[in-house]
2 protein chains.
Amino acid sequence: MVSKNQIKLITGLQQKKFRKEHQLFFAEGKKVIQELIHSDFFLEYLFTTTAVFPDVNPKKIINISESELKKISALTTPNDCLAVFRKPEPKKINETGLIVTLDDIRDPGNLGTIIRLCDWFGISELVCSEETVDIYNPKVVQATMGSIARVNVSYVNLEKFISETNLPVFGTFMDGDNIYKTELPKEGIIVMGNEANGISSQIEQTVNHRLAIPRFGNLQLTESLNVATATAIILSEFKRS
Amino acid sequence: MVSKNQIKLITGLQQKKFRKEHQLFFAEGKKVIQELIHSDFFLEYLFTTTAVFPDVNPKKIINISESELKKISALTTPNDCLAVFRKPEPKKINETGLIVTLDDIRDPGNLGTIIRLCDWFGISELVCSEETVDIYNPKVVQATMGSIARVNVSYVNLEKFISETNLPVFGTFMDGDNIYKTELPKEGIIVMGNEANGISSQIEQTVNHRLAIPRFGNLQLTESLNVATATAIILSEFKRS
């Protein structure tokens with residue numbers, strides 16, 4: 001059974017301020033929950049209708065009905081389980097290799113997809129501006145499909161972080177060098193900009209290598225790529241060589 | 001003002017069966033609406049709170065309040081306009097160049113993003129299995145950001161379509177050839193599979209060039225790329241050479 005207080009707590013965790021206050025977040029679905037359990041994440045409770053978790057301390061498992069799960073889920077069509085985890089302590093940023101930085105990404109689906117891309121391309125550091133959507137937003141956690149456990153996501157003053165680094169800084173702009181014809185290094189910072197406004201002018205000043213993804217469609221009309229698909233193309237270019 | 005019958009009609013258009021019955025669909029937001037108006041799409045009505053459309057026949061414009069827009073919008077945070085269009089007649093598939101085919105894509109956001117990618121990479125034909133989500137689903141229309149006006153999307157028996165073509169057929173699989181090291185032609189069919197199950201076994205039999213996008217992360221754990229980001233990487237590889 002799920003108590004009234006638990007419903008209040010968990011639905012509250014959809015909001016950033018309550019995640020901060022309680023230092024908790026939740027994840028849904030067996031795959032994501034299992035990946036978090038097998039990583040460093042500390043499990044508080046696990047609510048389940050039918051999913052079975054033999055590795056989990058039975059004291060932490062609470063069997064609930066589907067209608068109870070609906071009351072705590074953030075999904076329109078809930079899975080069969082939901083788990084509440086403690087937010088881990090932030091880890092230090094390891095400033096080697098390729099680092100992806102996000103300048104004010106607002107859409108949870110985009111952040112989740114970018115975390116999954118970093119994981120695929122073996123990039124372990126994702127550094128976000130403080131305005132970027134929170135990694136523990138339930139929609140982000142869901143979109144990562146578990147990759148959240150393998151990418152170190154940090155929130156910093158991005159302008160300060162980038163201007164203090166010794167690594168080369170790459171950003172994509174309309175007038176940049178054709179990414180397909182540029183030799184790309186194994187180390188560096190890749191900046192991805194906001195969905196509507198791109199890279200902000202303060203951050204643009206820290207970029208010392210301007211790149212462009214060439215367009216092949218009607219150049220007058222086609223406006224831009226979605227930030228997650230642009231990230232996919234850029235990471236593929238950095239890694240393919 | 002928006003009448004009760006209009007509210008009933010437009011909210012009905014969120015469902016495929018009513019879009020089919022009325023041969024109508026709707027789009028929201030000035031950018032998308034304008035791109036559709038400037039293309040071949042026939043406008044039925046345009047509801048607006050503050051957006052101005054000087055090119056549109058004023059008889060078709062209906063000024064409404066924000067609370068009225070909320071009643072007909074499919075968005076949680078509505079824009080300032082919504083337009084109802086007639087569904088155009090299906091166009092013949094032009095079987096030259098690169099053609100993207102979708103084997104049962106279910107997520108509207110993924111289909112919309114893939115249409116936008118086709119537009120960016122100058123691919124004008126997108127051929128979908130009959131089970132693929134409907135292009136006139138409001139979430140698809142929204143995610144295309146207007147690219148829907150420039151890519152010809154057809155729904156066919158995909159197995160029949162592919163087996164009758166003379167073009168080479170490409171699909172991505174775990175055991176395929178490294179896409180970064182394969183010479184890719186200017187003509188051919190690229191098959192993208194379902195979000196959960198990948199390419200179906202019937203369609204897999206029609207593929208004569210098996211490709212793979214190499215993974216750089218932990219090979220045991222990282223499972224797959226989202227289908228839209230995989231499409232981005234594949235199209236980028238076909239077009240970059």
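Only a predicted model underlies this, so the values are computations on that prediction, with no experimental measurement involved. Hydrogens, waters and symmetry mates are skipped; everything else that's a heavy atom, side chains included, is used. Each chain gets a letter, A, B and so on, in the order the sequences are listed, and its residues count up from 1.
- Summarising the local packing, CD of B:Glu66 is surrounded by 12 or fewer heavy atoms from other residues, nucleotides or ligands at distances under 6.0 Å.
- Residue B:Thr113 touches chain A through its side chain alone, counting heavy-atom pairs closer than 4.5 Å.
- Other residues, nucleotides and ligands place no more than 12 heavy atoms under 6.0 Å from the NZ atom of A:Lys139.
- Heavy atoms of A:Ile213 lying under 4.5 Å from chain B belong to its backbone as well as its side chain.
- Among the candidates A:Thr229, A:Ile233, A:Leu225, the single residue satisfying the side-chain contact (heavy atoms from CB on, under 4.5 Å) test with B:Trp120 is A:Leu225.
- At a 4.5 Å heavy-atom cutoff, B:Ile123 makes no contact with chain A through either its backbone or its side chain.
- A donor-acceptor contact closer than 3.5 angstrom links the side chains of A:Ser236 and B:Tyr180.
- Remark: A:Asp119 CG to B:Arg215 CZ distance equals 9.5 Å, nearest 0.5 Å.
- A distance of 8.5 Å separates CG of A:Asn178 from CZ of B:Arg240, quoted to the nearest 0.5 Å.
- Other residues, nucleotides and ligands place more than 12 heavy atoms under 6.0 Å from the CD atom of B:Glu130.
- When the shell of 6.0 Å around NZ of A:Lys71 is examined, it contains 12 or fewer heavy atoms from other residues, nucleotides or ligands.
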